[in-house]
Amino acid sequence: DAGITQSPRHKVTETGTPVTLRCHQTENHRYMYWYRQDPGHGLRLIHYSYGVKDTDKGEVSDGYSVSRSKTEDFLLTLESATSSQTSVYFCAISRGQGASETQYFGPGTRLLVL
Amino acid sequence: AQKITQTQPGMFVQEKEAVTLDCTYDTSDPSYGLFWYKQPSSGEMIFLIYQGSYDQQNATEGRYSLNFQKARKSANLVISASQLGDSAMYFCAMREVLTGGGNKLTFGTGTQLKVEL
């Protein structure tokens, strides 16, 4: 989606190092999400944000933290990367309201932890 | 807890034919939303179609339609007149409202569709 960018798009890192992934949106959406995608699991929610400095945990939040100091940026940090965090990470925003609210995804970040 | 089941790991269809991708769901919420996303080999997640639990009619978006059978808890995606570009992984997802507002999507494991000449 043209309104959502993720950086970096690919990253290789070593076990034990901290890693920060960035999601940037240009459309002033309130809600932002981080998911991870692994084979056999579809996408699973890591953390989400419902406004600046307002964040909460998803179903697979262990080992991850997030921050949102500006509406447009939502950062995901792996505090000490492990091989189990090798995955594809997707950021998403919500468009619409109520019953028609729909999530749109960024292009994804492929992370390899050696 | 919500659950999405996609029982077809892979499907083949010939070009110009219609294909149905199965999705069943489980939830105790009376209000919910069901979504289908397409993931081509390039990796991006593309929103295709949405069905609300209170919608009386099945959703349609171009060649995509959603066969919603509430009593059977199924939300199958129908792609008409398949094209080579439809070859991709397809995910069914259900929306759950989060405590702070916003929605969480629970995804199925996906169906890999290949369109053949």
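Convention: sequence-line order gives letters A, B, ...; per-chain numbering from 1. Since the structure is predicted, the reported quantities are computational estimates derived from the model, not experimental observations. Just so you know, these numbers use all the heavy atoms, side chains as well, and skip hydrogens, waters and symmetry mates.
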Trainee: Decide, yes or no, whether a salt bridge links A:D62 with A:K57 under the criterion of side-chain N to carboxylate O below 4.0 Å.
Mentor: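 Salt bridge flag = no for A:K57 with A:D62.
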Trainee: Using the rule that Ile, Leu, Val, Met, Phe, Trp and Tyr join whenever any side-chain heavy atoms are under 4.5 Å apart, tell me whether B:L84 and B:M89 fall into a single cluster.
Mentor: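 No; tracing contacts between hydrophobic side chains, which count when under 4.5 Å, never links both residues.
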Trainee: Please check if the side chain of B:E17 supplies one atom and the backbone of B:A81 the other of a donor-acceptor pair under 3.5 Å.
Mentor: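 Absent.
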Trainee: Identify the two heavy atoms, one from B:A93 and one from B:I4, that lie closest to each other, and give their separation to 0.1 Å.
Mentor: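 For B:A93 versus B:I4, the nearest heavy atoms are C-CD1, 4.1 Å.
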Trainee: Any donor-acceptor pair under 3.5 Å linking the side chain of A:T109 with the backbone of A:P8?
Mentor: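 Checked: pair present.
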Trainee: So which bits of residues 25-40 of chain B come within less than 4.5 Å of chain A, counting non-hydrogen atoms only?
Mentor: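 Only B:F35, B:Y37, B:Q39 of residues 25-40 of chain B have a heavy atom under 4.5 Å from chain A.
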Trainee: Decide, yes or no, whether a salt bridge links A:D54 with A:R68 under the criterion of side-chain N to carboxylate O below 4.0 Å.
Mentor: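 Result for this pair is no, no salt bridge flagged.
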Trainee: For A:L45, is it the side chain, the backbone, both or neither that has a heavy atom under 4.5 Å from a heavy atom of chain B?
Mentor: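 Just its side chain gets close to chain B.
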